[in-house]
Amino acid sequence: MHRRHLFQIAAAAPMLTVPRLSSAQGSRALKYVPYTDVAVLDPIWSTAYVTRDHAAMVYDTLFALDEKLTPQHQMLEGHSVSDDGLRWTLVLRPGLFFHDGEPVLARDCVASVTRWARRDSFGQALMAVTEELSAPDDRTIQFRLKKPFGLLPYALARNGAPYPAIMPERLAKTDAFTQLTEITGSGPFRFKADERVAGVRTVYTRFEKYNPRQGGTPSGTAGPKIVHFDRVEWLVQPDPGTAVNALIAGEVDMFYNPPTDLLPLLKRSSELRVYQNDPLGNIAIMRVNHLHPPFNNQGVRRAVLSAIHQEDFMLAMMGDDRALWRDGIGLFPPGTPMASEAGLEILRSPKKPEEAKRALEAAGYKGERALVMISTDSPKLQAIGEVAADLMRRIGMNVDQQTMDWGTVVQRRAKKEPVDQGGWSAFFTTFGGQDMLDPAGFLALRGSGERAWFGWPTNQKLESLRTQWLESNDLAQQRAICSEIQVEAMADVPYMPLGQVFYASAAKKELTDILRGFSIFWNMKRA
């Protein structure tokens, strides 16, 4: 094997009842209100972003993405690739420890990557071309591939969910479809299981033996992870008004995604700042069920898509502040490498309900019931669900609008039975832009039938194009493939994009050096 390179890759509600901190304690502790509780603590067992945020606190990764979406070494000292591209050798940095005091060894990484890859779409693609993943010694991880796969660092650096977390081998050997009961990582924070109160509080403390990268600049999740707080508390508050009042009163330090209508109140406080931290935003979608009528009919899907006016959904979801949303959105976040205008005419053409009605009739729609699941514990998802249900009625569909909490949506969307046997026709969610950058790990874009994400579309052309993208190392070719993918998706409609939103966060002005991206708690400090 020839060492081609060994290098560092180029980063009016009641107050929240929390104990007040003295100023000395306050400088070393941080109180944060997330958008929901961390219901799942296993870093690979859920696609919930709050689980990803939790995982980034507790676990480290072999590679990490900087703000420019470039993979950088994180737990690695460097790596090399053989001239034929079939052998990748990754070398761990010295001095890495798990929270139980044991050193991080290569075999821990092999077991962790193997477990993650069973649940992650990009990981599955990587392992499909891997002949052998091994640990020749304590600091060396080796991939022996069946064919070149230049996206290996990018796959292992992803900030999506499931999160490619490194954990002790004894835990990583747990079946990927069985949740972990012990949360032990090697990241900058320890998870305090003894202080966890489900639905109320999650606590993290600084890991004293954490060994940050030397040199470089923190960027995204890459670079040195320097912790300036001894303790971080995530305090769940179902009532957003209470959380806003607690922030204004100084009882908490940060609040992720406050209601849009309360942002003016937060902006009026001289002690707070409201900001958008994630430039990739989130893309709202309507996911439809391809197994049963009415949306097993491509013509019906196309008719509904043709009637969608994304601006209506964005106004209902985020209000009239155009800084908080963008319409005219296709598959990939605008401004990112794979985004294009290809195939978007159907979304950007003038909306004429009578034409959509005629398209439904031409598709053979016979009045089949469309059961639309709308989440009531997310005002933003409820808003777009109600707009969609009204739109479908106006173009002549038989809509059964059922409201339920998000937990019930999650349970019911797994049902493959017809509507009259407890099934469903459509539901609404958002995907972070991080998970929609390309077709590799894009769950809603898979066309693998009953093995696909909820909704189960079958589209061999999408699957073939995804494979071509994964096998390409040429950016121009990858972009061309993604243009084809978008054209095909707009024709077959695996889901319906409803617009891009930029969630706001609010924090005390005394907090400085907050990294861009999702909720990241290293590098941040009190002025």
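These values consider heavy atoms only, across backbone and side chains, with no hydrogens, waters or symmetry-generated copies. For reference, positions follow the sequence shown, starting with 1.
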Lys416 atom NZ, neighbour heavy-atom count above 12 within 6.0 Å: yes
Between the side chains of Arg139 and Glu77, is the shortest nitrogen-to-carboxylate-oxygen separation below 4.0 Å, so that they form an ion pair? yes
Kindly indicate whether a cation-pi arrangement holds for Arg231 with Phe229, taking the cut-offs as under 6.0 Å to the six-membered ring centre and within 45° of the axis. no
I'd like to check Leu92 versus Cys109 (side-chain heavy atoms, cut-off strictly below 4.5 Å). Are they in contact? yes
Does Gln237 use its side chain to pair, donor to acceptor, with the backbone of Leu235 at less than 3.5 Å? no
Can you tell me if Thr47 uses its side chain to pair, donor with acceptor, with the backbone of Ala161 under 3.5 Å? no
Distance check, rounded to the nearest 0.5 Å: Leu126 atom CG versus Phe143 atom CZ? 5.0 Å
d(Ile485 CD1, Arg479 CZ) to nearest 0.5 Å is 14.5 Å
Testing the 3.5 Å rule here: is there a donor-acceptor pair between the side chains of Gln434 and Arg158? no
Going through the distances and angles, do Trp453 and Phe427 end up as a ring-ring contact (aromatic ring centres under 6.0 Å, His included)? CA-CA 13 Å; Trp453 192 60; Phe427 71 91; 5.8 Å; yes
Going by atom types only, do Asp53 and Thr51 share a side-chain donor-acceptor pair under 3.5 Å? no
What's the shortest heavy-atom distance between Thr217 and Pro224, and which atoms? C-CD, 4.0 Å
Assess whether atom CZ of Arg107 is packed by more than 12 heavy atoms of other residues, nucleotides or ligands within 6.0 Å. no
Between Asp175 and Arg118, does any side-chain N to carboxylate O distance fall below 4.0 Å? yes
Without hydrogens or angle criteria, can the side chains of Tyr49 and Asp435 be said to hold a donor-acceptor pair below 3.5 Å? yes
Taking atom types as modelled, find out whether Asp84 and Ser82 have a side-chain donor-acceptor pair closer than 3.5 angstrom. yes
Assess whether side chain to side chain contact (heavy atoms under 4.5 Å, CB included) is satisfied between Arg273 and Ile514, documenting all intermediate values. CA-CA 12 Å; Arg273 68 186 181 99; Ile514 299 173; 3.3 Å; yes
Taking all non-hydrogen atoms of both residues into account, name the closest pair between Arg516 and Pro279 and its distance. NH2-CB, 3.5 Å
Check whether the side chains of Asn277 and Tyr256 place a donor and an acceptor atom closer than 3.5 Å, and report yes or no. no
Within the 3.5 Å criterion, strictly below it, is a donor on Ser121 or Arg446 matched to an acceptor on the partner's side chain? yes
Do Thr70 and Tyr154 have side chains that approach each other closer than 4.5 Å (heavy atoms only, starting at C-beta)? no
Side chain proximity check, Arg451 to Trp456, heavy atoms < 4.5 angstrom: no
Do Trp522 and Leu515 come within less than 4.5 Å of each other through their side chains, counting heavy atoms only? yes
Close aromatic pair by centroid cut-off 6.0 Å: His79 and Phe63: yes
Evaluate the ring planes of Tyr495 and Phe442, with Trp represented by its six-membered ring, and classify them as parallel (under 30°), tilted (30 to 60°) or perpendicular (over 60°). tilted
Going by distance alone, is a donor N or O of one side chain under 3.5 Å from an acceptor N or O of the other, for Asn523 and Asp513? no
On a heavy-atom basis, the closest approach of Glu510 and Asp253 is OE2-OD1, 4.5 Å
Quick check: does any side chain N or O of Arg93 sit under 3.5 Å from a backbone N or O of Gln74, one acting as donor and the other as acceptor? yes
Just how far is it from atom CD1 of Ile166 to atom CG of Leu171, taken to the nearest 0.5 Å? 12.5 Å
Distance in Å, Glu182 CD paired with Asp100 CG, rounded so as to fall on 0.5 Å steps: 7.0 Å
Between Ser340 and Ala342 (side chain of the first, backbone of the second, donor and acceptor by atom type, cut-off under 3.5 Å), is there such a pair? yes
Is the count of non-hydrogen atoms from other residues, nucleotides or ligands lying under 6.0 Å from Lys146 atom NZ greater than 12? yes
Verdict with supporting geometry, Tyr32 and Phe521, ring-ring contact (aromatic ring centres under 6.0 Å, His included): CA-CA 10 Å; Tyr32 165 72; Phe521 295 89; 4.9 Å; yes
Heavy-atom donor-acceptor pair, Ser472 side chain to Gln468 backbone, under 3.5 Å: no
Checking Arg115 against Asp120 for the side chain to side chain contact (heavy atoms under 4.5 Å, CB included) test, could you report, in this order, the C-alpha distance in whole Å, the side-chain angles of both residues, the deciding distance, and whether it holds? CA-CA 9 Å; Arg115 184 172 189 264; Asp120 182 81; over 6 Å; no
So how far is it from Met75 CE to Arg213 CZ, rounded to the nearest 0.5 Å? 11.0 Å
Is any side-chain heavy atom of Val33 closer than 4.5 Å to one of Trp234? no
Rounded distance (nearest 0.5 Å) linking atom CZ of Phe122 with atom CG of Leu152: 9.0 Å
Looking only at the side chains, is there a donor atom on one of His54 and Tyr204 sitting less than 3.5 Å from an acceptor on the other? yes
Give a yes-or-no answer on whether the side chains of Gln500 and Asn282 include a donor-acceptor pair shorter than 3.5 Å. no
Walk me through whether Thr89 and Thr140 qualify under side chain to side chain contact (heavy atoms under 4.5 Å, CB included). CA-CA 7 Å; Thr89 301; Thr140 304; 3.5 Å; yes
Does the Glu233 side chain pair with the main chain of Val203, one donor and one acceptor, at a distance under 3.5 Å? no
Can you see whether Phe518 has Arg52 sitting over its ring - NZ or CZ less than 6.0 Å from the centre and within 45° of the normal? yes
Taking the side chain as C-beta and beyond, is there a heavy-atom pair between Met254 and Leu511 under 4.5 Å? yes
Does the side chain of Ile285 reach to within under 4.5 Å of the side chain of Ile283, using non-hydrogen atoms? yes
Can you confirm whether the side chains of Arg190 and Thr205 place a donor and an acceptor under 3.5 Å from each other? no
Under 3.5 Å, is there a donor on one side chain and an acceptor on the other for Thr221 and Asn159? yes
Where is the tightest heavy-atom contact between Asp42 and Thr178, given as atom of each residue plus distance? OD2-O, 3.8 Å
Whether the side chain of Arg466 engages the backbone of Ala440 through a donor-acceptor N/O pair (distance < 3.5 Å, no angle test) should be reported. yes
Please check if the side chain of Arg287 supplies one atom and the backbone of Phe454 the other of a donor-acceptor pair under 3.5 Å. yes
Could you tell me whether the side chain of Asn459 and the main chain of Gly447 form a donor-acceptor pair under 3.5 Å? no
Main-chain N/O of Glu169 paired with Asp108 side-chain donor or acceptor, under 3.5 Å: yes
Is NZ or CZ of Arg119 both nearer than 6.0 Å to the six-membered ring centre of Trp45 and within 45° of the ring axis? yes
For the residue pair Gln460 and Leu465, establish whether any side-chain heavy-atom pair is separated by less than 4.5 Å. no
May I have the step-by-step check of side chain to side chain contact (heavy atoms under 4.5 Å, CB included) for Glu471 and Thr467, ending in yes or no? CA-CA 6 Å; Glu471 292 177 348; Thr467 299; 3.6 Å; yes
Worked verdict on Phe428 versus Trp406 for ring-ring contact (aromatic ring centres under 6.0 Å, His included): CA-CA 10 Å; Phe428 306 86; Trp406 179 247; over 10 Å; no
